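The structure appears below as structure tokens.
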Amino acid sequence: MTAPLQEPKLNVLIFAASLRAGSLNRQLATLAARVAEQAGATVDYASMREFDVPSYDGDIEKAEGIPRGAGELRRRLEACDAFIISSPEYNGSMPGHFKNVIDWTSRFRPQPFDGKQGLLMSASPSMMGGNRGLWALRTPLEHLGARVYPDMFSLAQAHKTLVDGDITDVALRGRFEKNLQAFLSLAEAVKHYPCIKRAWVEFLGEPPGSPVDRVDPVAS
Ligand SMILES: Cc1cc2nc3c(=O)[nH]c(=O)nc-3n(C[C@H](O)[C@H](O)[C@H](O)COP(=O)(O)O)c2cc1C
């Protein structure tokens with residue numbers, strides 16, 4: 001009898017887009033890493049500090065190239081099949097420091113976000129759970145060709161609902177796991193079934209090859 005085929009494990013990059021040591025998003029990202037590992041994935045857990053960069057400046061880019069922090073995010077993105085980000089919401093949007101890291105990282109070619117599967121989550125003490133920030137974060141990621149999963153998980157009142165690094169409410173914990181599992185299933189399908197067609201639709205009317213191109217042309 002032949003042994004069942006062992007498919008290579010899914011490599012998932014996970015990090016919180018917060019620099020704070022006591023970050024609620026870091027707790028949620030750590031929980032996501034634990035659940036993803038239990039589901040059979042190989043997790044690369046990163047810290048936002050590893051992606052530290054100065055404010056984007058075209059003159060610095062010209063003189064010194066793309067900074068090390070963005071290079072580190074590129075390296076980790078290239079090594080993963082999928083990424084999970086837990087991001088705080090600042091003033092109804094995504095954190096400025098993270099947008100800045102994305103901007104620097106988008107300067108590499110090939111452009112490292114292109115075609116990556118991504119899941120977004122957030123934690124906040126507010127009743128909205130930071131969900132508006134995730135809608136803002138989707139925009140640059142999707143612009144760069146990342147396949148951002150439709151369902152996003154936002155944990156409201158996270159200072160109460162996260163206890164010892166776990167979600168205490170049974171229904172909320174169930175929803176968190178279901179969301180994560182559904183995303184991992186899709187990412188696995190994309191990894192193991194390369195016949196799934198990669199397609200990218202450029203904005204109609206945008207002349208190809210212009211300075212606004214954000215991904216390399218892919219055969220469709
Ligand atoms: C500059 C700033 C703006 C904030 N704006 C929002 C906001 O719009 N919505 C929200 O839910 N929380 C907001 N907060 C509160 C954060 O959600 C809270 O500080 C959270 O704990 C940050 O995430 P972290 O714990 O992962 O660092 C803001 C915090 C700061 C520092």
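Both counts, for ligands and for their atoms, begin at 1 and track the order of listing. What you see is a predicted model; the values in this text were computed from it and never measured.
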Please say whether Gly92 places an N or O atom under 3.5 Å from an N or O atom belonging to ligand 1.
yes
Does the distance from a Lys or Arg side-chain N to an Asp or Glu carboxylate O, for Glu188 and Lys191, drop under 4.0 Å?
no
Using a 4.0 Å cut-off to any heavy atom of Ser126, which atoms of ligand 1 qualify?
11 (O)
Identify the protein heavy atom lying closest to atom 2 (C) of ligand 1, giving its residue, its atom name and the separation to 0.1 Å.
Tyr90 CD2, 3.8 Å
Quick one: side chain to side chain contact (heavy atoms under 4.5 Å, CB included) partners of Glu89, sequence neighbours excluded?
Arg132
Under a 4.5 Å cut-off applied to non-hydrogen side-chain atoms, are His143 and Ser106 in contact?
no
With atom 22 (C) of ligand 1 as the reference point, say which of Ser154, Pro88, Ala16 has the nearest heavy atom.
Pro88
Under 4.0 Å from a heavy atom of Ser124: which atoms of ligand 1 are those, numbered in the order shown and with their elements?
10 (C), 11 (O), 12 (N), 17 (O)
Shortest protein contact, atom 1 (C) of ligand 1 (heavy atom only)
Asn91 ND2, 4.1 Å
Taking the side chain as C-beta and beyond, is there a heavy-atom pair between Leu77 and Leu13 under 4.5 Å?
yes
For Ser18, atoms of ligand 1 separated by under 4.0 Å from a heavy atom
24 (P), 26 (O), 27 (O)
Do Leu31 and Arg173 make a side-chain contact, defined as non-hydrogen atoms from C-beta onward lying under 4.5 Å apart?
yes
Return yes or no for this condition: an N or O of Leu24 is under 3.5 Å from an N or O of ligand 1.
yes
Taking the side chain as C-beta and beyond, is there a heavy-atom pair between Arg74 and Pro112 under 4.5 Å?
yes
Return the closest protein heavy atom for atom 26 (O) of ligand 1 as residue, atom name and distance.
Ser23 OG, 2.6 Å
Asp169: which residues meet the salt bridge (charged side-chain N to carboxylate O under 4.0 Å, His left out) condition with it, sequence neighbours left out?
none
Numbering as shown, the atoms of ligand 1 that approach Arg20 to under 4.0 Å (heavy-atom distance):
21 (O), 24 (P), 25 (O), 27 (O)
The atoms of ligand 1 lying under 4.0 Å from a heavy atom of Asn25, numbered in the order shown, are 23 (O), 24 (P), 26 (O)
Atom 7 (C) of ligand 1: nearest protein contact (heavy atom, Å):
Glu89 OE2, 3.3 Å
Under 4.0 Å from a heavy atom of Arg132: give me the atoms of ligand 1 that qualify, with their elements.
8 (O), 9 (N)
Strictly inside 4.0 angstrom of atom 19 (O) of ligand 1, do you find any protein heavy atom?
no
Note, Ser122 side chain near Met152 side chain (heavy atom, < 4.5 Å):
no
Flag side-chain contact, heavy atom, 4.5 Å: Ser154 against Leu134
yes
